Number of protein chains: 2
Amino acid sequence: MSSSEIDRLIQLLAKLPGLGPRSARRAALHLIKRRESLLSPLADAMHEAADAIKTCSVCGNLDTRDPCSVCADPRRDGALVCVVEEVGDLWALERTGSFKGLYHVLGGTLSALEGIGPDDLNVSGLINRARRPEVTEVILAMNATVEGQTTAHYITDRLADCDVTVSRLAHGVPVGGELDYLDDGTLTAALRSRRPF
Amino acid sequence: MSSSEIDRLIQLLAKLPGLGPRSARRAALHLIKRRESLLSPLADAMHEAADAIKTCSVCGNLDTRDPCSVCADPRRDGALVCVVEEVGDLWALERTGSFKGLYHVLGGTLSALEGIGPDDLNVSGLINRARRPEVTEVILAMNATVEGQTTAHYITDRLADCDVTVSRLAHGVPVGGELDYLDDGTLTAALRSRRPF
Ligand SMILES: [Zn+2]
Ligand SMILES: [Zn+2]
């Protein structure tokens, strides 16, 4: 039916979230028919991203610069550090345009079931940042899931001897909901009415 | 929030069928986090496909060879030519493994609304093929849509002075349905019970 080049393209496209085997086939065909206008530019963009994107050594964001453009921006308020599970959550909060502090990406949540402990997350990096004198508040913006809230409690305990206020996002985040699926308005409201943890 | 490299990647991914702006963002993040295992291999596969895939000059299939591997296969029955709208339909029929003839890809359907006439489709190529002495049957496998059936009638008229039987897929293809969405069993049954047009 099709060459090994097409099969391989379909196989790799099927690994993208949101694309099953059938939609991967459609996507491959769509790409091959638009070789000049889409397939080659997308391949180039992927190579450029693969070469250029680094993990920020300060906050864990993904960017072409390290420190990332958030950490390097002198207009951001270094007194506030907002802790998120994943880079996608950081991006979701940035899209609201309503937070002017810095971030810290944990890289997941604690999970006994999956064997993910504190050393598998970037917790020690957070504690070190929270000890710096300019940091006055740590906002816990984990998902409103059991794992997210367990992780938030653990981090609150670990921050106990740091001289910072610990707050969390206001209710407004639906129970069981994930940040990256929320609309900007809900996220903005949740940020504004954050309260002590 | 993110670099121009990431923005460009998201923008291009959003042009894939099945991915909106939000799922394109998720796909980009998924890719960037899997630089070695997915992002670079996918970029390579795209470049290889862009370089290697050609349109078959005989049937319109997409393949690394011209004539394509279907047209070049001596075991295929050159007496049967199955006419489809798009390459995706050819692939769908090939996946059933139940058709051993050759194909002809029209490249679309007639559409007064969209200003698509016979010269915009590969109709003359089909007529030339149908005139060759070895061709005895032309199977019209257009979608069961108004445009597909209008196109099938037009082609039947054009084939009137060629010495071929014209048949169509059996009912079994749901009215309004598109070939590429059907399961293999339905397609196989529809092919087996094809009847004179
Ligand atoms: Zn950073
Ligand atoms: Zn061919």
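Below, chains carry the letters A, B, ... as their sequence lines are ordered, and counting in each starts from 1. Every value quoted in this text rests on a predicted model; they were computed, and no experiment measured them. Below, each value reflects all heavy atoms present in this structure, side chains not excepted, and no hydrogens, waters or symmetry copies.
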Counting neighbours of CZ on Arg132(B) that are heavy atoms of other residues, nucleotides or ligands and sit closer than 6.0 Å, is the number greater than 12?
no
NZ/Lys15(B): more than 12 non-hydrogen atoms of other groups inside 6.0 Å:
no
Answer with side chain, backbone, both or neither: which region of Asp44(A) has an atom nearer than 4.5 Å to a non-hydrogen atom of chain B?
both
Measure distances from Leu93(A) to the heavy atoms of chain B and classify the residue's part below 4.5 Å as side chain, backbone, both or neither.
neither
Any chance you could lay out the side-chain contact (heavy atoms from CB on, under 4.5 Å) test for Thr150(A) and Thr109(A), step after step, and finish with the verdict?
CA-CA 8 Å; Thr150(A) 304; Thr109(A) 51; over 6 Å; no
Return the option, out of [options], with the maximum number of heavy-atom pairs under 4.5 Å with chain B.
options	result
Leu16(A), Thr64(A), Thr55(A)	Thr64(A)
Lys33(A), Glu36(A), Gln11(A)	Lys33(A)
Ala43(A), Ala45(A), Ala52(A)	Ala43(A)
Arg26(A), Arg65(A), Arg35(A), Arg8(A)	Arg26(A)

Looking at Asp89(B), Val123(B), Leu140(B), which hits side chain to side chain contact (heavy atoms under 4.5 Å, CB included) with Leu106(B)?
Val123(B)
Counting heavy-atom pairs under 4.5 Å to chain A, which of [options] comes out on top?
options	result
Cys68(B), Pro41(B), Gly18(B), Pro17(B)	Pro17(B)
Gly88(B), Gly97(B), Ala49(B), Ala50(B)	Ala50(B)
Leu31(B), Val87(B), Asp51(B), Leu9(B)	Leu9(B)

[X] versus chain A, heavy atoms under 4.5 Å apart: side chain, backbone, both or neither?
X	value
Ile53(B)	both
Arg22(B)	side chain
Leu19(B)	side chain
His47(B)	both
Glu86(B)	side chain

Taking the side chain from [X] and the backbone from [Y], do they hold a donor-acceptor pair closer than 3.5 Å?
X	Y	value
Asp73(B)	Val70(B)	no
Asn61(B)	Cys56(B)	no
Thr151(B)	Glu147(B)	yes

Distance in Å, Cys59(A) SG paired with Asn122(A) CG, rounded so as to fall on 0.5 Å steps:
9.5 Å
Distance check, rounded to the nearest 0.5 Å: Leu80(A) atom CG versus Thr136(A) atom OG1?
5.5 Å
